[in-house]
Amino acid sequence: MTYGEAYRYGRERLLEAGVPEAELDARLLLEYVCKTGRNDLLVHGDREINSSERTTYEELIAGRKGRIPLQYLTGEQEFMGLRFSVNEDVLIPRQDTEILVEEVLRHIHDGMRLLDMCTGSGCILISLLHYTNDCEGVGAEVSEAALKMAEQNAGKLLENRVRSGGISFVQSDLFEKIQGKFDVIVCNPPYIPGGTIPGLMPEVRDHEPMGALDGGEDGLSFYRRIVEEGRPHLTGGGMLFFETGYDQAQAVAGLMEKAGFSQIHVVKDYAGLDRVVYGTGGFGLCAVKTAE
């Protein structure tokens with residue numbers, strides 16, 4: 001079987017199964033197996049692939065046909081220019097969450113202490129520490145399996161920080177085992193309303209960890225707890241940052257305002273949808289501002 005024939009095989013199998021972006025996924029899986037680049041299909045489409053590559057590719061195509069996400073098949077996902085390891089114990093890092101990281105980066109400076117609540121793969125905390133100097137970070141997560149993945153990513157991407165103690169992880173049900181205060185608390189919590197989960201794409205519904213998806217009846221359960229339990233863990237002037245669902249930002253901002261946060265802002269993503277809400281700990285209240 002040639003490289004081009006393998007691609008066409010994978011593309012047809014995925015199209016038959018109604019897999020979104022079938023052509024792209026067939027090509028990416030082939031590149032992953034053969035360790036090739038995007039131009040190889042055009043330039044070297046007639047080269048033979050070996051039997052081992054063919055078998056592995058056919059197995060991956062079968063997995064993708066079964067709606068296993070591409071990232072779980074390859075075991076990796078790029079986020080903020082870094083390549084993170086992922087498996088079905090953690091959410092797949094998404095581009096929307098880069099908006100959250102970028103917004104936090106605009107407000108932190110060297111020497112700050114950061115807490116990433118519901119850290120999952122560790123992509124938020126690791127990215128923040130990678131692009132700053134001399135900050136210290138703690139990642140909190142209730143899932144022991146997810147913490148192992150976060151620790152693996154930290155060891156791979158922040159080896160020096162791990163050795164120096166600049167990043168650590170704790171298994172905790174939200175703030176249950178969190179000690180001390182932080183200049184920034186950042187969180188991408190479970191925020192999908194429980195009743196809507198059966199209608200999600202099978203890649204999400206059947207493969208991503210349910211505990212990282214289900215935000216309770218209205219999707220706001222974790223926001224309520226974090227807003228209330230998080231304030232005592234913020235330093236004076238400390239900031240709380242959330243990612244939210246596209247229609248949840250105003251509700252989350254209202255929770256923060258009611259709890260005494262000030263300077264509350266809503267930030268839109270690249271699609272023009274509300275995506276990030278942040279505010280400053282304190283007792284003064286002010287109007288919620290939307291950043292264009």
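Just so you know, these numbers use all the heavy atoms, side chains as well, and skip hydrogens, waters and symmetry mates.
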For a 4.5 angstrom cut-off between non-hydrogen side-chain atoms, does [X] reach [Y]?
X	Y	value
S85	S121	no
Y7	R11	yes
D89	P209	no
E176	V142	no
P20	M201	yes
I61	L14	yes
V252	V227	no
I99	Y270	yes

Residues forming a side chain to side chain donor-acceptor pair (under 3.5 Å) with [X], sequence neighbours excluded:
X	answer
Q71	Q77
R27	E31
E16	R13
D214	none

Backbone N or O of [Y] within a donor-acceptor pair of the [X] side chain at under 3.5 Å?
X	Y	value
N153	G122	no
E208	L213	no
E48	M1	yes
R47	Y3	no
S221	G215	yes
T56	E53	no
Q152	M149	no
R205	I197	no
E257	G254	no
R161	L129	yes

Reported [atom1]-to-[atom2] distance for the pair [X] and [Y], which is rounded to 0.5 angstrom:
X	Y	atom1	atom2	result
M80	L157	CE	CG	12.5 Å
I264	T280	CD1	OG1	9.0 Å
T132	M112	OG1	CE	10.5 Å
L158	L128	CG	CG	10.5 Å
E102	D269	CD	CG	11.0 Å
L15	E21	CG	CD	12.0 Å

When clusters are formed by joining ILVMFWY residues with side-chain heavy atoms under 4.5 Å apart, either directly or through shared neighbours, do L24 and L29 land in the same one? yes
Give the cluster check for I126 versus L105: same hydrophobic cluster or not, with ILVMFWY residues linked at side-chain heavy-atom distances below 4.5 Å.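 Yes; L105 is reachable from I126 via cluster members.
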Strictly by ring-ring contact (aromatic ring centres under 6.0 Å, His included), give each pair with a member in residues 57-100 just once, sequence neighbours left out.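 As it turns out, there is no ring-ring contact (aromatic ring centres under 6.0 Å, His included) pair with a partner in residues 57-100 once direct neighbours are skipped.
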According to the ring-ring contact (aromatic ring centres under 6.0 Å, His included) rule, which pairs have a member within residues 94-136, sequence neighbours left out?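 Residue pairs passing ring-ring contact (aromatic ring centres under 6.0 Å, His included), neighbours aside: H107-F241, H107-Y278.
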Listed by chain and number, what are the salt bridge (Lys or Arg N to Asp or Glu O under 4.0 Å) partners of E229, not counting sequence neighbours? R225
side-chain contact (heavy atoms from CB on, under 4.5 Å) between T97 and I124, worked out: CA-CA 8 Å; T97 305; I124 293 173; 3.8 Å; yes
Pick from L174, D116, V90, T119: which one makes a side chain to side chain contact (heavy atoms under 4.5 Å, CB included) with E141?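 Exactly one option meets the side chain to side chain contact (heavy atoms under 4.5 Å, CB included) with E141, and it is T119.
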Run the numbers on M239 and L234 for side-chain contact (heavy atoms from CB on, under 4.5 Å), then give the verdict. CA-CA 7 Å; M239 301 180 72; L234 282 171; 5.8 Å; no
Which donor-acceptor pairs under 3.5 Å do side chains of residues 177-190 form with protein atoms, sequence neighbours excluded?
| residue | atom | partner | partner atom | Å |
| --- | --- | --- | --- | --- |
| K181 | NZ | P232 | O | 2.6 |
| D183 | OD1 | T235 | OG1 | 3.3 |
| D183 | OD2 | R113 | N | 2.8 |

Worked check of side-chain contact (heavy atoms from CB on, under 4.5 Å) between F169 and V138: CA-CA 5 Å; F169 296 94; V138 176; over 6 Å; no
I need the minimum non-hydrogen distance between N133 and D110, along with the two atoms involved. O-OD1, 3.0 Å
Which atom names give the shortest non-hydrogen contact between I92 and P69, and what distance separates them? CD1-CB, 3.6 Å
Verify the neighbour count for atom CD of E78: are there more than 12 heavy atoms of other residues, nucleotides or ligands below 6.0 Å? yes
Take V277 and M256 through the side-chain contact (heavy atoms from CB on, under 4.5 Å) test and state the conclusion after the steps. CA-CA 9 Å; V277 179; M256 294 177 69; 3.7 Å; yes
In the hydrophobic clustering (ILVMFWY, side-chain contacts below 4.5 Å, transitive), which residues join Y246, or is it alone? L273
Sequence neighbours excluded, the answer for ring pair (Phe, Tyr, Trp, His ring centres under 6.0 Å) partners of F175 is H233
Who are the ring pair (Phe, Tyr, Trp, His ring centres under 6.0 Å) partners of F242, not counting sequence neighbours?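 Checked F242 against ring pair (Phe, Tyr, Trp, His ring centres under 6.0 Å); matches are Y223.
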Show every side chain to side chain donor-acceptor pair (under 3.5 Å) that has at least one partner inside residues 58-69, sequence neighbours left out. D25-R64, R54-E58, R64-E203, R67-E203
